[in-house]
Amino acid sequence: MTLDYANLRQLDLNLLLVLDILIAEASVTQAAERLHMSQSAMSHALKRLRKVLNDPILIRVSQRQMEVTPYAREISGQVRQVLTDIQATLLVKETFDPATTEIDLRMATNDYVEAAIGGQVLSKLLVDAPQVQLRITSIRKDEVLTALDANRIDLFIGAELDRKPWHDQQELYEEEFMCVVRSENPLTEMSLTDYVARSHILVSLRDDFLGIVDRRLAEQQQARSVIWSTPHFMSVPFLLARTDCVALLPKRMAEQCAKAMGLKLLLPPIDIRGFTVSMVWHQRHTHSPQHQWLREQIAEAVQVL
């Protein structure tokens, strides 16, 4: 049904309240008392209703008694439903109980972030929110904002984005890079000579063999040999454990993999700028209780890493 805005402007919410009470009480005096209005104000509201609806609403049947008209009685249920819908939509705040609510939330990130913070987040979900399901999806970074706008994902976690004004952001932590080699490697520190002499594994989301390190090396008239390029962070530790290659990995992930797989971490021989890991979401979810709760769990989880 098309809305007739011109006619709707004649009917404000207060008149709907008055109409509902007048039908229920069949008395101007009692209706005024229930809405804490003066009797003259209620009479004025009734006059406006009669004009808008082209119906008397109440008719006098005796000196002390009034009666609801057939038309008013006919629409009474619909009027009450309209008021109920308005209350439920605009006034009753959405609630969320993580212990009992069943909900499917969608988070876009890469396997590095999932490996770095996923264990802490999952542990919290299993204890505090056993009915909450968290769906992790991989998505190209240049498609993240579009996916947020289209409501295909609820949250993104990763390096900072060139977001729009309608996207909110919360920084989680600062990350740095470490050189990772297998544990049998005799080096106790990585010199620039050692670094460029080795074969390298590169994590690249652009399907190429050039990373941020290569620009820094070029500034020093140096170059490295990248023999393996992959978009997957988590495959790299397995590759390193079986070869004499070296790779640059984010420190939080590298530390976990080193403990689990016996890898060795060394400081990079050149200064490499780190990055900030942040949560980004569409403003439609800023005040949503379940989305607020999820962001709080993630923010708490990263504090213990």
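Hydrogens, waters and symmetry mates play no part in the numbers below; they use all other heavy atoms, side chains included.
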Requested in this report: Give, for atom CG of L122 and atom CD of Q297, the distance between the pair rounded to the nearest 0.5 Å.
Outcome: 12.5 Å
Query - Exercise: identify the closest heavy-atom pair between A32 and S38 - result: CB-O, 3.9 Å
**Report entry** Hydrophobic cluster membership, L210 vs F233, 4.5 Å side-chain cutoff
**Finding:** no
Query raised in the report: Would you call R50-D55 a salt bridge at under 4.0 Å N-O?
Result: no
Query - Single-linkage hydrophobic cluster M234~L248, side-chain heavy atoms < 4.5 angstrom - result: yes
Query raised in the report: Considering only heavy atoms from C-beta outward, does the side chain of L172 approach that of I298 to under 4.5 Å?
Result: yes
Query raised in the report: Would you call Q303 and Y173 a side-chain contact if the rule is heavy atoms closer than 4.5 Å?
Result: no
**Report entry** Sub-4.5 Å side-chain heavy-atom contact between I270 and Q220
**Finding:** yes
Query raised in the report: What pair of heavy atoms forms the shortest contact from P56 to L46, and how long is it?
Result: O-CD1, 4.1 Å
Query raised in the report: What closest approach, in Å, do V28 and S43 show between heavy atoms, and which atom pair accounts for it?
Result: CG1-OG, 3.7 Å
Query raised in the report: Residues two or more places apart in sequence or in another chain: which of them pass salt bridge (charged side-chain N to carboxylate O under 4.0 Å, His left out) with R216?
Result: E219
Query raised in the report: Are M107 and V280 linked, directly or through other ILVMFWY residues, by side chains that come within less than 4.5 angstrom of each other?
Result: no
Query raised in the report: Taking the hydrophobic residues Ile, Leu, Val, Met, Phe, Trp and Tyr, and joining any pair whose side-chain heavy atoms are under 4.5 Å apart, which ones share a cluster with W166?
Result: none
Report summary line: d(R284 CZ, H291 NE2) to nearest 0.5 Å is 9.0 Å
**Report entry** Verdict with reasoning, L240 to V181, per side-chain contact (heavy atoms from CB on, under 4.5 Å)
**Finding:** CA-CA 6 Å; L240 293 172; V181 295; 5.9 Å; no
Query - Side chain S288, main chain H285, donor-acceptor under 3.5 Å - result: no
Query raised in the report: For residues S235 and H232, is any side-chain donor paired with an opposing acceptor at under 3.5 Å?
Result: no
Query raised in the report: Which pairs with one or both residues in residues 185-212 pass salt bridge (Lys or Arg N to Asp or Glu O under 4.0 Å), sequence neighbours excluded?
Result: R206-D208
Query - Exercise: identify the closest heavy-atom pair between A72 and I23 - result: O-CD1, 3.4 Å
**Report entry** Minimum-distance pair of heavy atoms, taken over all atoms of L267 and M190
**Finding:** O-CB, 3.8 Å
Query raised in the report: Rounded to the nearest 0.5 Å, how far does CD1 of I157 lie from CD1 of I117?
Result: 4.0 Å
Query raised in the report: Under a 4.5 Å cut-off applied to non-hydrogen side-chain atoms, are T101 and Q290 in contact?
Result: no
Please table the atom pairs, donor to acceptor, closer than 3.5 Å between any side-chain atom in residues 253-266 and protein atoms at least two apart or in another chain.
| residue | atom | partner | partner atom | Å |
| --- | --- | --- | --- | --- |
| Q256 | NE2 | A116 | O | 2.9 |
| K264 | NZ | N185 | O | 2.3 |
| K264 | NZ | L187 | O | 3.0 |

Requested in this report: Apply salt bridge (charged side-chain N to carboxylate O under 4.0 Å, His left out) to R135 and list each qualifying residue two or more places apart in sequence or on a separate chain.
Outcome: D104
Query raised in the report: What closest approach, in Å, do V132 and P98 show between heavy atoms, and which atom pair accounts for it?
Result: CG2-O, 4.3 Å
Query - Between T276 and S278, a side-chain donor and acceptor under 3.5 Å - result: no
Report task. Answer whether the closest heavy-atom distance between the side chains of V180 and V236 falls below 4.5 Å. Result -> no
Report summary line: Those residues at least two apart in sequence (or on a different chain) that pass salt bridge (charged side-chain N to carboxylate O under 4.0 Å, His left out) with E176 are K251
Query raised in the report: By the rule that ILVMFWY residues connect when side-chain heavy atoms come within less than 4.5 angstrom, directly or transitively, which residues belong alongside V61?
Result: none
**Report entry** Summary of side-chain hydrogen bond (donor to acceptor under 3.5 Å, both in side chains) pairs that have at least one residue in residues 15-33, sequence neighbours excluded
**Finding:** D20-R80, E25-R34, T29-Q39
Query raised in the report: Would you say M42 and V18 make side-chain contact, with heavy atoms under 4.5 Å?
Result: yes
**Report entry** Pair T100-D97, side-chain donor/acceptor within less than 3.5 Å
**Finding:** yes
Query raised in the report: F96: what forms a ring-ring contact (aromatic ring centres under 6.0 Å, His included) with it, not counting sequence neighbours?
Result: W293
Report task. Evaluate side-chain contact (heavy atoms from CB on, under 4.5 Å) for H287 paired with Q292, printing each intermediate quantity in order. Result -> CA-CA 7 Å; H287 301 293; Q292 285 182 315; 4.3 Å; yes
Query raised in the report: Do I201 and V226 pass the side-chain contact (heavy atoms from CB on, under 4.5 Å) test, and can you show the C-alpha distance, the side-chain angles, and the key distance before you say yes or no?
Result: CA-CA 6 Å; I201 298 172; V226 177; over 6 Å; no
Query raised in the report: Do you reckon L249 sits in the same ILVMFWY cluster as Y112, going by side-chain contacts under 4.5 Å, direct or chained?
Result: yes
Query raised in the report: Do T286 and W281 touch side chain to side chain, with heavy atoms closer than 4.5 Å?
Result: yes
Report summary line: Residues at least two apart in sequence or cross-chain that pass salt bridge (charged side-chain N to carboxylate O under 4.0 Å, His left out) with R295, listed by chain then number, are none
Query - L161 and F156: CA distance, side-chain angles, deciding distance, side-chain contact (heavy atoms from CB on, under 4.5 Å) verdict - result: CA-CA 10 Å; L161 298 170; F156 167 76; 3.6 Å; yes
Query raised in the report: When rounded to the nearest 0.5 angstrom, what distance separates CD1 in I139 from CG in N110?
Result: 12.0 Å
**Report entry** Pairs where residues 150-167 contributes a residue and the test salt bridge (Lys or Arg N to Asp or Glu O under 4.0 Å) is met, not counting sequence neighbours
**Finding:** R106-D154
Query raised in the report: What residue pairs, at least two apart or across chains, pass salt bridge (Lys or Arg N to Asp or Glu O under 4.0 Å) with a residue in residues 109-134?
Result: K124-E300
Report task. Report yes or no: do V113 and I153 belong to one cluster of Ile/Leu/Val/Met/Phe/Trp/Tyr joined by side chain heavy-atom distances under 4.5 Å? Result -> no
**Report entry** Atom pair CD1/CG of I136 and L155 - distance to nearest 0.5 Å
**Finding:** 9.0 Å
Query raised in the report: Taking atom SG of C245 and atom NE2 of H200, what is their separation to the nearest 0.5 Å?
Result: 8.5 Å
Requested in this report: Go through the side-chain N and O atoms of Q222 and Y195 and say whether any donor and acceptor fall under 3.5 Å apart.
Outcome: no
**Report entry** Any side-chain heavy-atom pair of R224 and L202 under 4.5 Å
**Finding:** yes
Query raised in the report: Has the side chain of Q283 got a donor or acceptor atom that lies under 3.5 Å from a matching backbone atom of P165?
Result: yes
